[in-house]
Amino acid sequence: MDIICDRTKCCGCHACYNICPKNAVEMITDEKGFKYPVINQKKCINCGLCVKVCPILKNNVNKYQKKVYAIYNKNEEERLNSSSGGLFILLAKAILNMNGVVFGASFDKDFCVFHSYVEDENEIIRLQGSKYVQSTIGDTYKKVKEFLEKDIYVLFTGTSCQIEGLKSFLIKDYDKLYTQDLICHGVPSPKVWQKYLDYQKKIYKNNDIKNISFRNKAHSWSLFSTRIDFNGKVYSKTHDKDLFMQAFLSNTCLRESCYNCHFKNDYRNSDITLADFWGVSKVHPNMNDEKGTSLVIINSRKGQELFDLIKTECKYEVSYEDIIYLYNPAYIRSAIKDKKYDAFYENIDKMEFDILVKKYVSHISIFKKLIRKTRNIIKKVLDK
Ligand SMILES: Cc1cc2nc3c(=O)[nH]c(=O)nc-3n(C[C@H](O)[C@H](O)[C@H](O)COP(=O)(O)OP(=O)(O)OC[C@H]3O[C@@H](n4cnc5c(N)ncnc54)[C@H](O)[C@@H]3O)c2cc1C
């Protein structure tokens with residue numbers, strides 16, 4: 001076996017890595033900081049399992065008539081500690097109450113992002129909150145299978161490609177497996193993230209980092225900030241001013257496959273999809289207090305069952321499918337690559353992070369910023 005799937009399409013889901021019976025698939029980090037499978041020919045027995053489970057080589061379809069809600073968690077503390085409406089923590093608690101386990105993205109001690117699992121409610125906080133970096137799956141799919149084979153409930157959460165990778169790896173359906181994905185803008189490079197952290201540490205004189213939030217709501221939910229708690233000092237900048245978020249939202253540092261995402265369809269194979277309910281002030285004004293509102297899409301019977309378990313702990317209104325396409329185009333459309341993408345990566349090892357971003361990230365023009373500001377002022381006046 002030489003290659004598994006086209007490198008420009010490989011989403012890095014790790015299904016091939018987890019399935020290989022001879023550990024012949026190694027996940028090697030490339031020059032941009034993303035992991036790709038490479039086959040060790042000495043170990044490979046040409047069984048073809050890696051190709052069989054590759055979700056990129058499949059075309060799954062889900063015919064379930066989806067349901068859409070605008071929703072938020074009534075517990076204000078849980079909601080404020082979450083990226084949007086704080087739905088994930090409720091789903092996680094529901095599964096833990098059934099003596100299950102919950103998988104999701106967490107930080108390690110160096111603030112690299114990787115998938116892990118929790119078995120105790122006090123640990124959910126590790127998985128809570130969006131981390132805008134590609135999370136390394138490692139051998140978590142094998143762990144999921146071990147739990148399911150022991151008849152234990154599992155909630156697996158992640159991006160759509162990670163859910164597809166898991167389902168492909170498992171081959172068969174398990175009654176006790178629940179999956180939740182996200183509407184995903186795309187995943188930034190772990191190398192770019194590391195470079196940003198090194199830059200911040202230098203500015204803060206190598207102080208220890210205690211905590212990081214990509215979605216601090218101190219200003220508001222829509223004007224969220226990146227907040228880094230150092231030992232005794234705090235860095236906080238809104239997403240339009242933070243250098244890492246500028247590179248992320250300008251599509252300069254996403255994985256190659258994100259620019260042509262295989263999983264951007266008008267269906268999902270997860271049970272539940274979570275996202276921010278952008279546009280909520282127009283569509284469901286009663287649901288917007290700027291503390292975070294989620295868009296929830298129910299994609300299966302199991303998803304509905306799980307939703308029914310938590311809905312009494314939420315405020316919600318039934319919404320409409322068209323709203324997703326209108327206000328959250330990332331549901332069906334891939335990000336468009338920044339024209340400075342190649343130059344950004346060519347210079348990543350040559351420049352300080354701030355200079356790199358200022359030079360090679362396409363910023364929103366002053367003219368567009370002015371229009372946006374004027375629009376906001378008019379809106380505020382009309383709202384009074
Ligand atoms: C890389 C990325 C891109 C996103 N892009 C969009 C977008 O374009 N539009 C939109 O509306 N919403 C997007 N989201 C989703 C949004 O940010 C919230 O995560 C979502 O609304 C859930 O919020 P919550 O308040 O219910 O729970 P939270 O507690 O905020 O979310 C926790 C959930 O996010 C998962 N998660 C966190 N980081 C990662 C990661 N790196 N990889 C995989 N899973 C992760 C956890 O496993 C858990 O399931 C994105 C999320 C990520 C991670």
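Along the sequence shown, residues carry numbers from 1. Each ligand, and each atom within it, is numbered from 1 in the order the structure gives. Computed from a predicted structure; not experimentally measured.
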Checklist entry - Hydrophobic clusters join Ile, Leu, Val, Met, Phe, Trp and Tyr when side-chain heavy atoms are under 4.5 Å apart, directly or via other members; which others share one with I125? => result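 So far as hydrophobic clustering goes, I125 is joined with none.
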- [ ] Determine, using heavy atoms of Q162 and all atoms of ligand 1, whether some pair is separated by less than 4.0 Å.
- [x] yes
The single option from Y196, F248, F224, W193 that satisfies ring pair (Phe, Tyr, Trp, His ring centres under 6.0 Å) with F214 is W193
Proximity to ligand 1 by part of [X], non-hydrogen separation under 4.0 Å:
{"X": "R215", "result": "side chain"}
{"X": "L127", "result": "backbone"}
{"X": "A330", "result": "side chain"}
{"X": "Q180", "result": "side chain"}

With S270 as partner, the option from T157, N299, T179 fulfilling side chain to side chain donor-acceptor pair (under 3.5 Å) is N299
_Counting only nitrogen or oxygen atoms and a 3.5 angstrom limit, does S83 reach ligand 1?_
yes
For ligand 1, which is the ligand I care about here, please tell me if V133 has any N or O atom under 3.5 Å from one of the ligand's N or O atoms.
yes
May I ask you to decide if the ring planes of F230 and Y204 are parallel, tilted or perpendicular, using 30° and 60° as cut-offs?
parallel
Could you tell me, atom by atom, which parts of ligand 1 come under 4.0 Å of a heavy atom of [X]?
{"X": "G186", "value": "1 (C)"}
{"X": "D276", "value": "10 (C), 11 (O), 12 (N), 16 (C), 17 (O), 21 (O)"}
{"X": "T157", "value": "46 (C), 47 (O), 48 (C), 49 (O)"}

Distance col, row K233:NZ vs I228:CD1, nearest 0.5 angstrom, shows 13.5 Å
